[in-house]
Novice: 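First, the structure itself, so that you have it in front of you.
Treat the numbers as computed from the prediction; the structure is a model and nothing was measured.
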2 protein chains.
Amino acid sequence: MRGARRPRVRLRDVAERAGVSPTTASFVLSGRDMRISEETRQRVLRTARELDYRPNLAARSLRTQDSRTIGLVADTIATGHYGGELIRGSMTAALKHGHRLLVCESEGDPSLQSALVEDLVGRQVSGLVVATSSHDRVSAPRGTGGLPVVLLNCRSDAPYPAIVSDEVAGGRAAAGLVVRAGHRRGIWLVGETPPSSLPGTGRFEGIVAELAGAGAVLDEQLSCKWWPEAAYDVMAQALAGGGRPRAVVCLNDRIAFGVYQALAEVGLEVPRDVSVVSFDDSELASWLRPSLSSIGLPEFEMGRLAVEALLGTEAPPAERLVPMPVRARDSIAPPAV
Amino acid sequence: MRGARRPRVRLRDVAERAGVSPTTASFVLSGRDMRISEETRQRVLRTARELDYRPNLAARSLRTQDSRTIGLVADTIATGHYGGELIRGSMTAALKHGHRLLVCESEGDPSLQSALVEDLVGRQVSGLVVATSSHDRVSAPRGTGGLPVVLLNCRSDAPYPAIVSDEVAGGRAAAGLVVRAGHRRGIWLVGETPPSSLPGTGRFEGIVAELAGAGAVLDEQLSCKWWPEAAYDVMAQALAGGGRPRAVVCLNDRIAFGVYQALAEVGLEVPRDVSVVSFDDSELASWLRPSLSSIGLPEFEMGRLAVEALLGTEAPPAERLVPMPVRARDSIAPPAV
DNA sequence: GGCCCTTGCTAAAACGATTTGGCAGGAGTA
DNA sequence: TACTCCTGCCAAATCGTTTTAGCAAGGGCC
């Protein structure tokens with residue numbers, strides 16, 4: 001764009017100027033303990049600094065067969081905070097290992113995905129993270145050419161390690177908050193649990209198990225899409241029918257948002273009259289009044305673990321269940337007498 | 001990980017198997033119209049397919065001095081939807097030009113930022129996008145080695161093209177919604193406009209200008225941090241003092257959320273009693289009841305334009321103002337008589 | 001035959017790093 | 001002196017592409 005692109009300083013330039021061979025310069029700069037006199041070492045280092053030498057990583061990759069890059073192929077990277085934190089976690093771990101992150105989005109298109117994988121393999125990435133936002137079973141990427149692969153937020157039939165959130169434990173935690181506040185009756189669940197959705201079924205399973213273990217019962221289950229509008233409708237209808245919950249477990253924060261609105265309209269106060277707990281710990285949870293207790297998604301940690309599985313020294317387990325953080329806030333109180 | 005990493009198929013392997021020289025194979029595969037007989041061409045293509053040949057992009061980069069990669073250095077990539085959409089936009093544009101995106105986060109640490117820039121330059125990226133989430137003046141990245149740089153969501157004193165949202169026009173659009181609904185009096189503004197914040201001052205400027213142009217007045221200006229809690233507090237206090245707005249312009253959706261709550265508590269209904277408009281068009285805006293009219297952030301488009309400025313054919317302007325999309329929803333109505 | 005084109009292909013030199021296998025020269029030892 | 005070791009450095013091969021320059025064979029033309 002601006003000005004003539006001056007030719008980059010090469011290792012050879014540094015070597016010549018320092019009066020040594022490229023070999024020596026390379027040894028000095030890569031810090032390997034070959035027998036180099038301290039004086040020569042300093043001279044090379046100084047020269048490199050003077051010339052502002054920056055190694056050409058393409059050349060290095062070619063020679064060492066190691067690009068110090070890992071590829072992240074996601075179906076969607078912009079689902080709320082989700083994608084961002086996943087990327088951040090992956091990047092942080094990659095950075096720690098001196099790697100960079102090549103981020104791609106396939107928009108769920110399988111042919112685009114395989115094209116991307118192919119390209120990344122061609123770029124000699126050291127490993128591949130395949131992520132989804134929908135958290136379920138996925139067909140394993142093909143044509144990875146024997147490259148290490150880690151699945152993020154999904155599983156597959158291929159023998160790739162998978163990093164997923166521990167939804168069952170999360171479900172237990174959510175129900176646990178309600179149970180420990182003293183609730184045993186009048187507990188409602190809001191949100192559908194489609195069979196294909198791992199988070200849904202996992203959460204549900206955990207909730208039911210925890211309630212059963214505490215001798216509590218799930219009085220009502222309102223099925224609806226995971227959106228405020230839908231949750232509001234189904235909740236408002238149930239309340240209009242005369243039902244009165246003491247605690248509501250929502251399958252995500254957006255549902256809880258709708259539930260809050262429906263409760264407010266019939267004059268029920270959270271948490272005095274009704275306790276509410278949900279999942280995702282999105283920003284919404286802390287904005288609501290009263291602030292919403294929510295079981296968070298360990299996105300950052302999952303991203304981190306995925307890259308760590310690729311780059312770390314220890315072999316990753318076939319399936320890593322990442323615990324979901326529990327954010328207890330003001331939306332839960334003991335049942336009124 | 002699994003199995004022996006079989007050596008990758010090289011161009012030379014394809015050439016040998018097809019009985020031609022690497023030169024010929026290269027010409028065929030890169031599709032250049034050197035004089036190659038159709039028969040030979042087909043043979044090479046077939047062989048490449050059979051062997052599942054994938055070119056080594058490190059070698060290609062080294063030779064062509066072109067990595068087909070662009071680097072994105074952000075201070076924070078996980079600010080709500082913001083970062084995700086920026087990345088998506090950048091990636092889409094990069095993909096269109098056959099490039100990939102190397103994503104880095106500096107966490108606002110200048111020394112980390114320059115280390116990252118240095119690394120990316122070493123990786124021979126074709127260009128650099130430097131993005132911030134805070135949208136203001138930034139010190140230009142150093143040590144870019146003459147690489148093309150585009151600033152995203154910020155400006156600097158260096159002569160780099162900048163892509164920023166047109167906050168002033170956005171401000172006019174927000175006020176315009178209110179004005180066109182017929183409001184001239186009882187218009188409030190909520191949210192502080194710190195001098196350092198470009199979006200704040202830009203929005204404010206546009207709002208004031210539009211109102212003035214329509215002969216409307218800004219009756220009240222409530223200053224508060226851009227968070228629901230703070231906005232609720234300041235709004236509730238103003239309402240308790242007896243003030244009654246007919247229209248409220250909020251500097252972002254989170255503020256509007258707090259305002260909604262404060263209005264509801266004193267029995268004012270949106271939009272019958274009070275119209276509300278705000279900025280960001282976050283998910284919150286469509287979840288609120290009634291749905292919130294909001295001036296969106298053109299994140300995707302900005303990311304796209306940044307990369308397009310680097311890779312596109314036409315020279316980018318020094319400062320590109322990207323229009324903010326107007327999302328008119330249910331929170332605005334004509335003033336009651 | 002002698003000359004020049006055209007066609008279809010190839011040899012070899014880059015690109016810029018890393019790394020193997022030495023090579024001088026001095027010191028130590030017998 | 002002759003042999004061996006060690007120190008400090010370097011020549012050259014290598015990674016897998018792209019690309020310049022040119023070669024051989026065949027045909028047309030005079």
Novice: For DNA chain C, which nucleotides open and close the run of contacts to chain B, 5' to 3', at under 4.0 angstrom from a non-hydrogen atom?
Specialist: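 On DNA chain C, the outermost contacted nucleotides are dT7(C) to dG16(C).
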Novice: For dT19(D) and Arg32(B) - does any side-chain N or O of the residue sit under 4.0 Å from the phosphate oxygens OP1/OP2?
Specialist: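 So the side-chain polar atoms of Arg32(B) do come within 4.0 Å of the phosphate oxygens OP1 or OP2 of dT19(D), strictly under.
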Novice: Would you find a donor on one side and an acceptor on the other, under 3.5 Å apart, between the side chain of Asp13(B) and the backbone of Arg10(B)?
Specialist: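 Here the side-chain-to-backbone pair exists.
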Novice: Heavy atoms within less than 4.0 Å of DNA chain D: which residues of residues 14-28 of chain B have one? Give them sorted by number.
Specialist: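 Heavy-atom cutoff 4.0 Å gives Thr23(B), Ser26(B), Phe27(B).
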Novice: With a non-hydrogen cut-off below 4.0 angstrom, is Leu11(B) in contact with a base, only sugar-phosphate, or nothing?
Specialist: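 The answer is base, as Leu11(B) lies within the cut-off (heavy atoms under 4.0 Å) of a base atom.
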Novice: Does a side-chain N or O of Gln65(A) approach OP1 or OP2 of dG16(D) to a distance below 4.0 Å, or not?
Specialist: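 Yes, Gln65(A) has a side-chain N/O under 4.0 Å of OP1/OP2 on dG16(D).
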Novice: Is Val307(A) close to Met91(A) at the side-chain level, that is, under 4.5 Å between some pair of heavy atoms?
Specialist: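 Side-chain contact under 4.5 Å: no.
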Novice: For DNA chain C, which residues in residues 41-49 of chain A have a heavy atom at a distance below 4.0 Å?
Specialist: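 Heavy-atom contacts with DNA chain C come from no residue of residues 41-49 of chain A; none.
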Novice: Heavy-atom nearest nucleotide on DNA chain D for Glu38(A) versus Thr64(A): which residue maps closer to 5'?
Specialist: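 Here Glu38(A) is the residue nearer the 5' end.
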Novice: Calculate the interatomic distance between Asn56(B) atom CG and dT17(D) atom P; express it in whole Å.
Specialist: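 After rounding, the reported distance stands at 6 Å.
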Novice: What nucleotide, of dT7(D), dT18(D), dT14(D), holds the atom closest to the side chain of Arg35(A)?
Specialist: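 Out of dT7(D), dT18(D), dT14(D), the nucleotide with an atom closest to Arg35(A)'s side chain is dT7(D).
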Novice: Cut-off 3.5 Å, side chains only: do Arg123(A) and Thr69(B) have a donor facing an acceptor?
Specialist: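 A donor-acceptor contact under 3.5 Å links the two side chains.
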Novice: Answer yes or no: side-chain N or O of Arg63(B) and base N or O of dT17(D) forming a donor-acceptor pair under 3.5 Å.
Specialist: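 No such pair is found, so the answer is no.
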Novice: Does Thr40(B) or Leu62(B) map to a spot on DNA chain C nearer the 5' end, using the closest nucleotide for each?
Specialist: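 Its nearest nucleotide being more 5', the pick is Thr40(B).
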